[in-house]
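Each chain gets a letter, A, B and so on, in the order its sequence line appears, and its residues count up from 1. Given the structure is predicted, the values throughout are model-derived calculations rather than measurements. Every heavy atom of this structure was used, including side-chain atoms; hydrogens, water molecules and symmetry mates were not.
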Amino acid sequence: MTKNEEKPEEAELMLFPEDVPNWIKEGLEREEDVIAIMDTELYKGRFAETSLVLTNKRVMVYRKGDILEDISLTRIEEASIRTYLNICILVIKTGGVFKGIAAFNRNRFKSLEKLVTIINNLVIGKISYELLKSSVTKESRLSEKRIFRRLFGLLRPTLPLIIVSLVLSMVLRIFDLTPPYLIKILVDEVLTPRAHIEKLYWILAALLALFIGQILLNVAKGYINTKLNLLISRIMRSAIFKKLQRTSLFYHDKFGSGGLFTRIFDDARQIQDFIANSLQSVAINAGAVVFVGAILVSLSLKLTIISILPLFITFIMAIFYSMRAPLYYFRVWRKWSNLVSTVSDALNAVLLLKSYRKEREYEEKFMKEHIGFEESQIASFKIEQTFWPPVWLVFLGCNLSIWFLGGLDVLNGVLSLGSLIAFTTYMWEFYGPIFGLIESFASFQRVKVSIERVFELLDLEEEKSGTYRAPIRGNVVFDNVWFTYDGIHYVLKNVSLDIKSGERVGIVGPSGAGKTTMAKLMLRLYEPQFGKIAVDGVDLKEYDLESLRRQVAMVMQDTPLFDISIAENITIAKPEVSPLEVMRVAKLAAAHDFIMKLPEAYDTEVGRRGAKLSGGEKARIALAAALLKDPRILILDEPTAMLDALTEDKVIEALERVTKYRTTLIIAHRLSTLKFTDRIVVLDDGRVIETGAHKELLKKGGLYAELWNSQLKGLARRQVILYER
Amino acid sequence: MNDELKAIDPKTVKVLKAGLDTVDISVNGKLYSNVIPRKPFPLSHPEVVLLCTEDGREIGVIEDYRKLDAKSRGELEKVLDVIYYIPRIKRINKIDHKEQKYVWKVEIEEGKDIEIVTWSRCVRIMPDGRIFIKDVNGHYYEVRSLSSLDLKSKILLGTMI
């Protein structure tokens, strides 16, 4: 483990430190407080202790007590991070110029990210020092919550089932442990003296009753455990699922759908397995160790001591084994991942493979990966064999010693034969629970990670809905809006825009200019960090979310449809409408004709995410669904991006019709889509740089004219190529 | 493209003659020959019928063709029964799982035993209780309702829902 891995994040970034070093204190002005201190090991490309200090007045870089950089917060316009191979640089913008002021190792990126967010909150958001301090303190308090206590709080409804299951398991364990004792009585009191025949009947009857009892209890325990497992998984999964439905899109972006799937299914299953199985085995095994240990001591103290010896030897061997084995297991996992990704690459990019004639190469790669996987399995088998055979040898030696010493005791009349037989049987019942407890400890370590991950989700903030409900007229105002997805890179920078009710506004700009983000903010899928968006003069935050989203519709360029029929997808927001109404909006969206060509027409199931339809068809269904809501504000994100020229014309005609008298925001790369708009807004690097009608902007000769001319040239070039063919 | 949807009042429609897949009709006294009746919602709303000319032009849509006069309805159904034929399952005798597909042995209302091959997700239940089973070729079969089946058929169908 390297020095950096040992260092917790808090050690890298100290927020509101109580003990500020004297060499920093000495340089502070009056009423200047330290917000953060972050150490870096780098200075001008060499390892050297350097510190970055953020106060409520400035950002400073110290080296050996000397100030290398000293920038007042009032001069800072924005903070950002530039990342390189191993290094990330803190960049500060002053007077319109970015300047790198300190270098950090990439493994400190998270801390640096936090620091940059704080600086931006201070300089862009003008958040007060007090508010910042209270929010940071609140954050650290949340992370200290006791996760296990919360887990059991969440799973309280399962408590009765856990208790019943535990009681059944304990009774079963007692049933398991009783037969050896009955056999001891049988040997000592019936078979050896060849007397008391009536005891033979009683013992056999007792054994029969025990076996029948075991069968019945096993059935009951199986039923209870199945119910318990299902209840735990339902509680966990529904809590996570419910939370995900109510949180902002921000968290969906942060964790990604794959990550969320893992938490809903894998982590919830780990927790369920731990509570329903491992936790019970801890209680049962601990009880069994005490109970069986007492029986062993009562049978023979000397033999009990001998039987404990292999446990110590195994424990020492296990320490050495655990230092080597994980490397081998990890190698197996890595080789398996390589193999899976080779197959996945080959299957997903089959067209590419064939077109580049790479099939043979991939066959060889597959074989190589498979042989690598086989070798790693063999190596891990070999390492296992350095542990398990010696362990079994130790236990065998112990077993033989017990038979030898116990046999001598029987011959010498110190121990009865029945006691010796019972001892050897109980001895294995003693080892089993001990190994079980060790395994439970390992599973406890694994599940701890899962519980933390699940509660990380359950602690997410839910979308806050206001209470304002009113029919929207459609006046939209963006007032100095700043927005960032990651806290560092601002996608929208100080955007101000006034859209009148019924106005049709086109938003254009290069990729990554922030166009789609503007649309998402209007639907309040995200909230701006600074500035505000108002509809009809009311801040979006104050709107009741349900009322707002009922009146604002958005059609995305690649709308994922639900795996239901076309009709059901169109009526998703208004399931009660008549079939004729569905057909009417489909016609408006230029979707009706292609739908009617399908054998099942509007009853066609579209497949997962609409996989059975083309991009253009999906876009038109999404448009129909949006129109059915009859929204006051319609947002269209690249509505014609997936369409051929002919269909594009039809859709543009349809759009012109349906957007009349409706506040409409159309985001488009293809400028031809915007021919019917009243005004065009040009975004570049998150800022509004031009606004006006098509002709005005062309006359201006700015970015819009540049984009327009380049599209015209592209079109002309394509026509020439077609003509020459 | 037909821009607007024209709803037709069933009272104004007369179905004069039925062919195999076309009908001759009059709407408000205007005659149309070789009209193709199509169901836009063949499973969920089979009562909605869109009337199109041979060249694909839409004459209009009847929201519920059952409101036509008896003779017209009878003529129209002659065509609809042909072009929207869906066998109705009376009894399910067996469902086997073979190579990731399911082979159903069923008896249809016409009294014939047939075999249906489906994928695992093949059952659609309509809000009115009708159940549709889609085979691997996209062919549909209908069960009037779960209660119309005997116990064994219900249990077998239950394993696929």
Output the distance between atom CG (B/Leu50) and atom CE (A/Met583), rounded to the nearest 0.5 Å.
-> 4.5 Å

Members of residues 35-42 of chain B whose heavy atoms come closer than 4.5 Å to chain A | B/Arg38, B/Lys39, B/Pro40, B/Phe41, B/Pro42

Considering residues, nucleotides and ligands other than B/Lys67, do more than 12 of their heavy atoms fall under 6.0 Å from its NZ?
-> no

Within 6.0 Å of NZ in B/Lys105, more than 12 heavy atoms from elsewhere = yes

Checking A/Leu598 against chain B: side chain, backbone, both or neither under 4.5 Å from a heavy atom?
-> backbone

In this structure, are over 12 heavy atoms from other groups packed under 6.0 Å from B/Glu110 atom CD?
-> yes

Close side-chain approach of B/Arg121 and A/Asp563, heavy atoms under 4.5 Å = yes

Could you tell me which non-hydrogen atom of A/Asp603 sits nearest to which non-hydrogen atom of B/Leu43, and how far apart they are?
-> OD2-N, 2.6 Å

Those residues at least two apart in sequence (or on a different chain) that pass side chain to side chain contact (heavy atoms under 4.5 Å, CB included) with B/Arg91 are B/Asn93, B/Glu107, B/Asp150, B/Ser153

Given A/Ser565 and B/Arg124, is the side chain to side chain contact (heavy atoms under 4.5 Å, CB included) satisfied, shown in steps?
-> CA-CA 10 Å; A/Ser565 73; B/Arg124 274 173 85 171; 3.6 Å; yes

Got a second to check how far A/Met596's CE is from B/Glu58's CD, nearest 0.5 Å?
-> 7.0 Å

